[in-house]
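These notes concern the structure reproduced below.
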Amino acid sequence: MEPGQEIADITDQTEVYAMITPNRTQLSTPGPFSLPNGVMKDITDWNDWRQWQVSVDYLEEITGYDFLSNVPQAIQTVIES
């Protein structure tokens, strides 16, 4: 979104990024990494944020938070997946 835009400016075309990374002190590439629901992600480059990308739906499922609760439900359905 651009500076000054508000919730009303969010559409089903708005890009949303969600990532999950392990809480580690070492920045070594972990290789296969088990997400909280047991799904494995094959991480080959610690510094490539795209490899840590998950859907907002998934992040909401494991955290219990509704991150985009102020966005209309029809739009949420599209951009959270």
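Residue numbers run from 1 in the order of the sequence given.
Checked against side-chain hydrogen bond (donor to acceptor under 3.5 Å, both in side chains), Glu15 has the following partners two or more places apart in sequence or in another chain: Tyr17.
Looking only at side-chain heavy atoms (C-beta outward), Asp9 and Met1 come within less than 4.5 Å of each other. Side-chain contact between Ile20 and Ile62: present, with at least one pair of heavy atoms (C-beta onward) separated by less than 4.5 Å.
Residue pairs that meet the salt bridge (Lys or Arg N to Asp or Glu O under 4.0 Å) test with at least one member in residues 47-62, sequence neighbours left out, are Asp48-Arg50.
With hydrogens and angles disregarded, no donor-acceptor distance shorter than 3.5 Å links the side chain of Thr14 to the backbone of Ile10.
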Please tabulate, for side-chain N and O atoms in residues 64-76, each donor-acceptor pair with protein atoms closer than 3.5 Å (sequence neighbours left out).
residue, atom, partner, partner atom, Å
Gln73, NE2, Thr77, OG1, 3.4
Gln76, NE2, Leu68, O, 3.1
Gln76, NE2, Val71, O, 2.8

